[in-house]
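Before anything else, here's the structure in question.
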Amino acid sequence: MFLSPWRRVHTEVADMAALGNVRERLGELRLELISAHRLAEDNRVKEYNAAVSIQSWFRGCKVRAYLRYLHKMVTVIQKWWRGYVARKYFRSKVKTAYFIMKMNFYNETAVRIQKRWRGYFVRKYVHNYYALKRYLEGVTIKNNIVRKELDKYADIKSREQTKKTMEKEEREKDYRARKTHYLLSTEQIPGVYNSPYRPFPDAMEIRLQKARPLSHNDRPKKMVENQNLLYSDCRDTISFPIMQPLPPIGKKKPQGPFRDTAEVLQQRYKPLEPTLRVATSINSVEEAREELKRQEWRRGIHEKSFATFSSFHKTEVYEPLIHTSSDYTQSTSISLVTRMDQPEKWIAKKDFHTVFTLEC
């Protein structure tokens, strides 16, 4: 700063005056400084403690305010997170409940469709009233025909039995007449059946006249059964002795390595025991498989599982039923195909089995 000479001189004079005053008051100032230092030293600990208290209180307020802020922010974050998790869980529960409701609805719908279809199929093909009525009418007509045939057969059998009985009686009478031919009347003495007190002779008398006397060769021979036989003649049902027969009296056992007679006969006439290959049918495996298939078809309700909103069955070709008149509609009546209607099925296309089973 630029000053004029007069101003500069005036300033220097003032500074010198102030310096002189300071030098005059140097002792007082020194005492004041010492007393001020002593007072500051006395109040230094108190002020330090006061400053520490103020700082600790301020820092505590600051930390508590920050903690309150953190707690508030954490609460907000937790609130938003828990709300998000609860909404997500609620959505999953609603989705699951909706899926279960849809599946129950679809299952009930499938059950209704199956019930209607099975009822229709059973009423039309299994328990068809009109078909059953026609069948019963046919059974009634066939029953009448069979009963007539059975009545004819019974009449024929009864006449044959009557004829056999009459023939047997005639043979017995002829045999009795031949056996008692000695009771025939002679010219001198009348017989038993030709009493003179009767107007006409008995029919036995006429039979005696026609009969031929019975000679010794014509008499039936009596079959003498020998109960002491140790072997079977294969004419009775038991082909080998059940019990061990008693040894004959006075007969010695033959010497040598011979087996017992009963054991030999049992070994000889034992029943046939075919092997497993002979006793088993040649088509046993196929028959067992067919039986298993029939049982599975009979027990199973629906072989294929129902897939919701699935396009798995779109590629399958429609398979028409057995009794249908077109590819997609059903016929009004069942066509009963038999071998009499189709003669080309009388002879099978498969080769005849040359091996057959032995049934015991």
So if you build clusters from Ile, Leu, Val, Met, Phe, Trp, Tyr with side-chain heavy-atom gaps below 4.5 Å, do Y193 and I206 land together?
->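 No, Y193 and I206 fall in different hydrophobic clusters.
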Expected output: side-chain S185 to main-chain P190 donor-acceptor under 3.5 Å =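 No; zero donor-acceptor contacts below 3.5 Å.
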Using the rule that two of Ile, Leu, Val, Met, Phe, Trp, Tyr join whenever any of their side-chain heavy atoms come within less than 4.5 Å, decide whether Y269 and V264 are in one cluster.
->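 Unlinked, Y269 and V264 end up in two clusters.
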Decide whether V85 and V94 are clustered together by the hydrophobic rule: side chain heavy atoms of Ile, Leu, Val, Met, Phe, Trp, Tyr closer than 4.5 Å, transitively.
->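 Per the 4.5 Å side-chain linkage, V85 and V94 are not co-clustered.
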Quick one: pull up NZ in K124 and CH2 in W117 and give me the separation to the nearest 0.5 Å.
->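 If I round to the nearest 0.5 Å, the distance is 9.0 Å.
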Counting heavy atoms not belonging to I189, are there more than 12 under 6.0 Å from its CD1?
->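 Atom CD1 in I189 is not packed in, count stays at 12 or less.
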Are Y182 and M204 co-members of a hydrophobic cluster defined by side-chain heavy atoms under 4.5 Å apart?
->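 In one cluster: yes.
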Keeping the roles fixed (side chain from N143, backbone from V139), state whether a donor-acceptor pair exists under 3.5 Å.
->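 A pair under 3.5 Å: no.
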Qualifying residues under salt bridge (charged side-chain N to carboxylate O under 4.0 Å, His left out), relative to E170, sequence neighbours excluded |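 In terms of salt bridge (charged side-chain N to carboxylate O under 4.0 Å, His left out), with neighbours along the sequence ignored, E170 is linked to R207.
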How would you list, by chain and number, every residue that makes a salt bridge (charged side-chain N to carboxylate O under 4.0 Å, His left out) with E286, sequence neighbours excluded?
->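 With neighbours one apart ignored, the set is empty.
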Side chains of R178 and Y175 in contact at under 4.5 Å (non-hydrogen atoms) =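 No, their side chains stay 4.5 Å or more apart.
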Nearest 0.5 Å, what's the OH-CZ distance between Y129 and R134?
->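 With rounding to 0.5 Å, OH (Y129) is 11.5 Å from CZ (R134).
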Is a side-chain N or O of T180 found less than 3.5 angstrom from the main chain of L183, in a donor-acceptor match?
->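 Between the backbone of L183 and the side chain of T180 there is no qualifying donor-acceptor contact (under 3.5 Å).
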Of all pairs that satisfy ring-ring contact (aromatic ring centres under 6.0 Å, His included), the ones with a partner from residues 58-87, not counting sequence neighbours |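 The answer is W81-Y84.
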Would you say the side chain of E205 lies within less than 4.5 Å of the side chain of L184, judging by non-hydrogen atoms?
->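 Sidechains of E205 and L184: in contact.
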Evaluate the criterion side-chain contact (heavy atoms from CB on, under 4.5 Å) for residue pair K95 and R91; output intermediate values, then yes/no.
-> CA-CA 6 Å; K95 189 175 181 180; R91 290 193 193 97; over 6 Å; no
Which atom of P213 lies closest to which atom of H181, heavy atoms considered |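 In terms of heavy atoms, the two residues are closest at CG-ND1, 3.6 Å.
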Distance (rounded to the nearest 0.5 Å) between F105 CZ and N107 CG =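 F105 atom CZ to N107 atom CG measures 11.0 Å (nearest 0.5 Å).
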Hey, what do you get for CG (L132) to CD (E137), rounding to the nearest 0.5 Å?
->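 Output value for this atom pair is 10.0 Å.
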For R259, enumerate each residue passing the side-chain hydrogen bond (donor to acceptor under 3.5 Å, both in side chains) test, keeping only those at least two apart in sequence or located in another chain.
->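 For R259, the residues satisfying side-chain hydrogen bond (donor to acceptor under 3.5 Å, both in side chains) (neighbours in sequence not counted) are E263.
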Acceptor/donor pairs from residues 34-45 side chains to any protein atom, 3.5 angstrom cut, sequence neighbours excluded:
residue : atom : partner : partner atom : Å
S35     : OG   : L31     : O            : 3.2
S35     : OG   : E32     : O            : 2.7
N43     : ND2  : L39     : O            : 3.3

Would I113 and Y106 show up in the same hydrophobic cluster when neighbours are defined by side-chain heavy atoms closer than 4.5 Å?
->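 Different clusters.
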NZ of K72 to CZ of R68: how many Å apart, nearest 0.5 Å?
->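 The NZ atom of K72 sits 11.0 Å away from the CZ atom of R68.
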Between NZ of K102 and CG of N104, what distance do you get to the nearest 0.5 Å?
->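 Result: 12.0 Å between the selected atoms.
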Grab the two heavy atoms, one from L208 and one from A177, that are nearest each other, plus how far apart they are.
->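 In this case the closest contact between L208 and A177 is CD2-O, 3.2 Å.
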Which pairs of donor and acceptor atoms, one on a side chain in residues 152-166, lie under 3.5 Å apart (sequence neighbours left out)?
residue : atom : partner : partner atom : Å
S158    : OG   : A154    : O            : 3.1
S158    : OG   : D155    : O            : 2.6
T162    : OG1  : S158    : O            : 2.7
T165    : OG1  : Q161    : O            : 2.7

